[in-house]
Trainee: 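The structure follows.
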Amino acid sequence: QLRLVESGGGLVQPGGSLRLSCTDSKYTLNVYTIAWFRRAPGKEREGISCISSTGGETRFLDSVKGRFTISRDNVKNTVYLQMDSLKPEDTAEYYCAADWTPSSDICTAEQGRYRYWGQGTPVIVSS
């Protein structure tokens, strides 16, 4: 069973950048679609990005398009969420999740598709 671990969160000023990482120490992630979700204080969890198992498709929530990128490094068995031009409204707990979909070129950020979830990493955007 996957045990996803997120890292890279922290406190950053508006306009700054962070790179979140999602990895598993035992199982390869390249047969899984990986998505990033976030839950802001007082709000429901929302899907913000996903990448297919082949890396052929990526999707982004409209509010992060042009600021966030998602990528996977199969050698390091890690999926990254690069977050640039951060805004205070990006403050949230960020989670990665995995859906077993080998050789898939499509992805979705629908929460119900994802069986495996990490514990989250906090991102605080504040001056």
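All values reported here derive from a predicted model rather than from experimental measurement.
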Trainee: For Lys87, check salt bridge (charged side-chain N to carboxylate O under 4.0 Å, His left out) against everything at least two apart and list the hits.
Mentor: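 Expected list: none.
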Trainee: Among residues at least two apart in sequence or on other chains, which ones pass side chain to side chain contact (heavy atoms under 4.5 Å, CB included) with Ser127?
Mentor: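 Listed in chain order: Pro14.
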Trainee: List for me each residue that meets side-chain hydrogen bond (donor to acceptor under 3.5 Å, both in side chains) alongside Ser17, sequence neighbours excluded, and say none if there are none.
Mentor: Asp84
Trainee: Is there any disulfide bond (SG atoms under 2.5 Å apart) pair reaching into residues 54-83, and which pairs are they, with sequence neighbours excluded?
Mentor: none
Trainee: What closest approach, in Å, do Leu20 and Trp36 show between heavy atoms, and which atom pair accounts for it?
Mentor: CB-CH2, 3.6 Å
Trainee: Identify, with sequence neighbours excluded, every residue that meets salt bridge (charged side-chain N to carboxylate O under 4.0 Å, His left out) alongside Glu89.
Mentor: none
Trainee: Which atom pair, heavy atoms only, marks the closest approach of Ile70 to Val79?
Mentor: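 What the structure gives for the nearest pair is CG1-CG1, 4.0 Å.
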Trainee: Is there a donor-acceptor contact under 3.5 Å from the side chain of Asn77 to the main chain of Thr23?
Mentor: no
Trainee: Over all heavy atoms of both residues, which pair between Ser104 and Thr54 is shortest? Give the atoms and the distance, please.
Mentor: O-OG1, 3.0 Å
Trainee: Please collect all ring-ring contact (aromatic ring centres under 6.0 Å, His included) contacts where either partner lies in residues 40-94, sequence neighbours excluded, each pair once.
Mentor: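 Residue pairs passing ring-ring contact (aromatic ring centres under 6.0 Å, His included), neighbours aside: none found.
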Trainee: Which heavy-atom pair separates Cys50 from Ala109 by the least distance, and what is that distance?
Mentor: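 Closest approach of Cys50 to Ala109, heavy atoms only: SG-N, 4.1 Å.
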Trainee: Suppose the criterion is ring-ring contact (aromatic ring centres under 6.0 Å, His included): which pairs have a residue in residues 103-127, not counting sequence neighbours?
Mentor: Phe37-Tyr114, Phe37-Trp117
Trainee: To the nearest 0.5 Å, what is the distance between CD on Glu93 and CD on Gln119?
Mentor: 9.5 Å
Trainee: Table please: side-chain donor-acceptor pairs of residues 42-49 below 3.5 Å, with sequence neighbours left out.
Mentor:
unit_1: Arg45; atom_1: NE; unit_2: Gln111; atom_2: OE1; d: 2.8
unit_1: Arg45; atom_1: NH2; unit_2: Gln111; atom_2: OE1; d: 3.2
unit_1: Glu46; atom_1: OE2; unit_2: Arg38; atom_2: NE; d: 2.8
unit_1: Glu46; atom_1: OE2; unit_2: Arg38; atom_2: NH2; d: 3.2
unit_1: Ser49; atom_1: OG; unit_2: Arg59; atom_2: O; d: 3.0

Trainee: Restricting to side-chain hydrogen bond (donor to acceptor under 3.5 Å, both in side chains), what partner residues turn up for Arg72, sequence neighbours left out?
Mentor: none
Trainee: Does Arg113 have any salt bridge (charged side-chain N to carboxylate O under 4.0 Å, His left out) partners at least two apart in sequence or in another chain, and if so, which?
Mentor: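 Per chain and number, Arg113 pairs via salt bridge (charged side-chain N to carboxylate O under 4.0 Å, His left out) with Asp99.
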Trainee: Using side-chain heavy atoms (C-beta onward) and a distance below 4.5 Å, is Met83 in contact with Val123?
Mentor: yes
Trainee: Taking all non-hydrogen atoms of both residues into account, name the closest pair between Leu29 and Leu4 and its distance.
Mentor: CD2-CD2, 3.9 Å
Trainee: Counting neighbours of CD1 on Ile106 that are heavy atoms of other residues, nucleotides or ligands and sit closer than 6.0 Å, is the number greater than 12?
Mentor: no
Trainee: Roughly how far, to the nearest 0.5 Å, is CG of Leu2 from OG of Ser25?
Mentor: 10.0 Å
Trainee: I need the Ile124 CD1 to Leu11 CG distance, nearest 0.5 Å.
Mentor: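 CG of Leu11 is found 6.0 Å from CD1 of Ile124.
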Trainee: For the CD1 atom of Ile34 and the OG1 atom of Thr101, what is their distance to the nearest 0.5 Å?
Mentor: 8.0 Å
Trainee: Look only at the side chain of Glu57 and the backbone of Cys107, and say whether a donor-acceptor pair between them is shorter than 3.5 Å.
Mentor: yes
Trainee: Only counting residues at least two apart or in another chain, list the ones meeting side-chain hydrogen bond (donor to acceptor under 3.5 Å, both in side chains) with Asn30.
Mentor: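 Partners of Asn30 under the side-chain hydrogen bond (donor to acceptor under 3.5 Å, both in side chains) test: Thr28.
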Trainee: Go through the side-chain N and O atoms of Ser21 and Thr78 and say whether any donor and acceptor fall under 3.5 Å apart.
Mentor: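 No - no donor-acceptor pair under 3.5 Å links their side chains.
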Trainee: Transitively linked via ILVMFWY side-chain contacts under 4.5 Å: Val12 with Leu81?
Mentor: yes
Trainee: Holding to side-chain hydrogen bond (donor to acceptor under 3.5 Å, both in side chains), I want the full list of residues that pass it with Arg3, two or more places apart in sequence or in another chain.
Mentor: none
Trainee: In the structure I gave you, are the side-chain heavy atoms of Arg115 and Trp100 within less than 4.5 Å of one another anywhere?
Mentor: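 Contact flag for Arg115/Trp100 side chains = no.
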Trainee: State the CD-SG distance between Glu6 and Cys96, to the nearest 0.5 angstrom.
Mentor: 4.0 Å
